[in-house]
Enquirer: 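Before I ask anything, let me first share the structure, which is written out below as structure tokens.
Computation of the quantities below employed the complete heavy-atom set of this structure, encompassing side-chain atoms and omitting hydrogens, waters and symmetry-equivalent molecules. Residue numbers count from 1 along this sequence.
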Amino acid sequence: MLPAKAIDVHAHFLPPAYREALRGAGLTLLDGGMPIPAWSPEEAIALMDELGIAGAMLSVSSPFAVSLAGSHAPELCRAVNDYAAEMKQRYPTRFGALAMLPVPIIDQSLAEIERALDTLGLDGIALPTNAAGVYLGEEKLAPVLDALNERGATVFVHPTMPCCFESFGLGLPAPMIEFPFDSTRAIASLLYSQALPRREKINFIFSHGGGPTSFLASRMTMIGGTPLLGPRALPMAEARQWLARWHYDLTLIGSPAEVSVLKAMVPTSQIVYGTDYPFSPAILARMAAGAFPHLPFDAAEQAQVLHGNAARLFPAFGRKCGCGQ
């Protein structure tokens with residue numbers, strides 16, 4: 001049991017349309033060897049009750065829409081988001097939801113942002129670290145990020161396989177090594193895109209503590225501030241300020257040393273809790289909950305990380321699940 005009630009910002013679900021798309025693509029294992037887990041709202045809520053999680057923000061994991069469904073990605077996203085809205089309606093005090101977009105199909109993504117947030121009332125957007133090889137800072141995705149910035153949207157960034165993974169994946173599942181590194185690629189893409197002032201209203205949440213970003217922050221921002229990057233260079237101090245204003249979840253970060261490195265990059269106000277259930281199975285969610293009291297947070301910081309920071313990002317949902325003001 002966690003020491004305070006929690007909001008799980010990194011909780012997955014597998015809507016029927018998504019499972020059907022996996023079957024249609026002939027996938028029985030995902031991302032280099034991960035099994036497809038079972039999921040039901042009843043089982044998810046039972047685990048939440050066991051661990052002391054008041055509410056969970058649902059999103060679809062990897063693979064994302066275009067990689068899975070190709071030209072049919074817009075239809076898949078609409079079906080997934082309709083199911084997400086159904087979960088919110090059936091369990092309003094337990095589930096929020098983040099919309100899936102058919103990026104990098106721009107016009108359809110813009111239409112689905114409007115439908116998901118305005119018509120369906122979803123809580124934010126889930127984006128992959130790369131959309132069929134296109135990273136977040138690339139100009140092709142600029143209209144989508146600009147639209148999200150105009151709304152001040154909360155955007156959960158989840159890793160997926162990088163292109164050509166089979167060439168360097170070592171025969172290991174992508175979530176083991178390449179998922180966290182793809183989070184760092186996405187962060188670097190944003191930092192050195194020359195478009196950060198156009199993105200300052202987006203509340204980004206990066207999975208798994210942003211991968212190795214906190215460990216590499218000094219190296220990355222020092223080199224990124226030199227003439228080696230030409231017009232894309234960003235002064236080191238400015239780059240560190242951007243890193244410190246984004247949010248990072250603690251999913252699969254279980255040691256005090258890892259959290260201490262993350263806290264050296266960002267204030268506690270930017271750290272949120274996540275489980276990755278059901279892709280991280282119940283036994284690992286229990287282990288993470290048991291390890292949490294031993295992480296370097298005092299009692300006030302524990303409350304911030306477990307629910308206060310997430311309730312600030314998702315105020316309406318925070319109030320519904322009893323964690324908001």
Side-chain angles (χ1 to χ4, degrees), residues 7-21 39 41 44 55-132 134 136 140-158 160 186 199 201-207 247 249 274 310 313-321:
I7 295 175
D8 180 0
V9 304
H10 190 151
H12 294 305
F13 69 152
L14 291 94
Y18 186 77
R19 286 193 180 277
E20 183 58 37
W39 183 88
M57 192 60 61
L58 300 176
S59 61
V60 169
S61 184
S62 177
F64 284 84
V66 167
S67 298
L68 180 59
S71 62
H72 296 289
E75 295 91 332
L76 173 60
C77 289
R78 286 193 289 271
V80 165
N81 295 339
D82 286 344
Y83 186 80
E86 180 185 338
M87 289 297 99
K88 279 176 58 71
Q89 186 174 20
R90 285 174 57 189
Y91 306 97
T93 66
R94 306 311 301 270
F95 292 141
L98 303 169
M100 189 185 200
L101 301 182
V103 286
I105 305 172
I106 300 303
D107 288 347
Q108 296 279 6
S109 293
L110 294 174
E112 192 60 15
I113 290 171
E114 183 174 350
R115 192 182 81 93
L117 298 184
D118 296 343
T119 303
L120 298 181
L122 301 190
D123 299 277
I125 301 294
L127 290 179
T129 47
N130 78 85
V134 180
L136 297 183
K140 185 169 184 178
L141 292 184
V144 171
L145 293 187
D146 290 346
L148 295 171
N149 186 72
E150 288 178 10
R151 291 172 170 271
T154 296
V155 176
F156 176 70
V157 181
H158 191 279
T160 191
R199 312 280 152 74
K201 295 180 182 178
I202 298 176
N203 297 308
F204 282 111
I205 304 172
F206 293 98
S207 302
H247 299 79
D249 75 44
L313 290 168
F314 304 106
F317 181 62
R319 290 190 293 270
K320 286 181 180 178
C321 67

Enquirer: Looking only at heavy atoms, what is the nearest atom pair of Leu145 and Leu136, with distance?
Expert: CD1-O, 3.1 Å
Enquirer: Once you round to the nearest 0.5 Å, how far does CD1 of Ile7 lie from CG of Leu313?
Expert: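 So the CD1 of Ile7 and the CG of Leu313 are separated by 9.0 Å.
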Enquirer: Which heavy atom in Pro102 sits nearest to a heavy atom in Val66, and how many Å separate them?
Expert: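 What the structure gives for the nearest pair is O-CG2, 3.5 Å.
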Enquirer: Indicate yes or no: at least one non-hydrogen side-chain atom of Glu114 is less than 4.5 angstrom from one of Arg151.
Expert: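 Yes - at least one pair of side-chain heavy atoms lies under 4.5 Å apart.
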Enquirer: If you compare all heavy atoms of Val80 against all heavy atoms of Pro15, which two are closest, and at what distance to 0.1 Å?
Expert: CG1-CG, 4.1 Å
Enquirer: Within the side chain of Asn130, is there an N or O that forms a donor-acceptor pair under 3.5 Å with the backbone of Ala186?
Expert: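 Between the backbone of Ala186 and the side chain of Asn130 there is no qualifying donor-acceptor contact (under 3.5 Å).
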Enquirer: Does the side chain of Tyr18 come within less than 4.5 Å of Tyr83's, by heavy atoms?
Expert: no
Enquirer: What closest approach, in Å, do Pro63 and Thr160 show between heavy atoms, and which atom pair accounts for it?
Expert: CA-OG1, 4.5 Å
Enquirer: Could Asp82 and Arg115 be called an ion pair, given the rule that one side-chain N must be under 4.0 Å from one carboxylate O?
Expert: yes
Enquirer: Can you name the closest pair of heavy atoms from Asp249 and Ile205 and give their distance?
Expert: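 Nearest pair, atom of Asp249 first, then Ile205: N-CG2, 4.4 Å.
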Enquirer: Rounded to the nearest 0.5 Å, how far apart are CD of Glu112 and CG of Leu117?
Expert: 9.0 Å
Enquirer: Does Gln89 have more than 12 heavy atoms from other residues, nucleotides or ligands lying within 6.0 Å of its CD?
Expert: no
Enquirer: Once rounded to the nearest 0.5 Å, what's the spacing between atom CG of Leu148 and atom CG of Leu101?
Expert: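 So the CG of Leu148 and the CG of Leu101 are separated by 7.0 Å.
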Enquirer: Hey, can you tell me if Phe95 and Trp39 have their rings parallel, tilted or perpendicular (30° and 60° cut-offs)?
Expert: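 Phe95 and Trp39: tilted rings.
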Enquirer: Counting C-beta onward and ignoring hydrogens, is there a side-chain heavy-atom pair between Asp146 and Arg199 closer than 4.5 Å?
Expert: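 When only atoms from C-beta onward are counted, Arg199 and Asp146 do touch, with a gap below 4.5 Å.
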Enquirer: Could you walk me through whether Val134 and Val103 satisfy the side-chain contact (heavy atoms from CB on, under 4.5 Å) test, starting with their C-alpha distance in whole Å, then the side-chain angles of each, then the deciding distance to 0.1 Å, before giving a yes or no?
Expert: CA-CA 9 Å; Val134 180; Val103 286; over 6 Å; no
Enquirer: About how many Å separate CZ of Phe156 and CD1 of Ile125, when rounded to the nearest 0.5 Å?
Expert: 13.0 Å
Enquirer: Within a strict 4.5 Å, meaning less than it, do heavy atoms of the Phe317 and Pro315 side chains meet?
Expert: no
Enquirer: Measure the spacing between OG1 of Thr93 and NZ of Lys88 and express it to the nearest 0.5 Å.
Expert: 11.0 Å
Enquirer: Hey, what do you get for OG (Ser62) to NE2 (His12), rounding to the nearest 0.5 Å?
Expert: 9.0 Å
Enquirer: Kindly indicate whether the side chain of Thr154, heavy atoms from C-beta on, has any atom under 4.5 Å from the side chain of Asp123.
Expert: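 A side-chain contact under 4.5 Å is absent here.
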Enquirer: Looking only at heavy atoms, what is the nearest atom pair of Ser207 and His158, with distance?
Expert: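 Here Ser207 and His158 meet closest at OG-CA, 3.6 Å.
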Enquirer: So do Leu122 and Leu98 actually touch side chain to side chain, heavy atoms under 4.5 Å?
Expert: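 Side chain of Leu98 against side chain of Leu122, heavy atoms only: no contact under 4.5 Å found.
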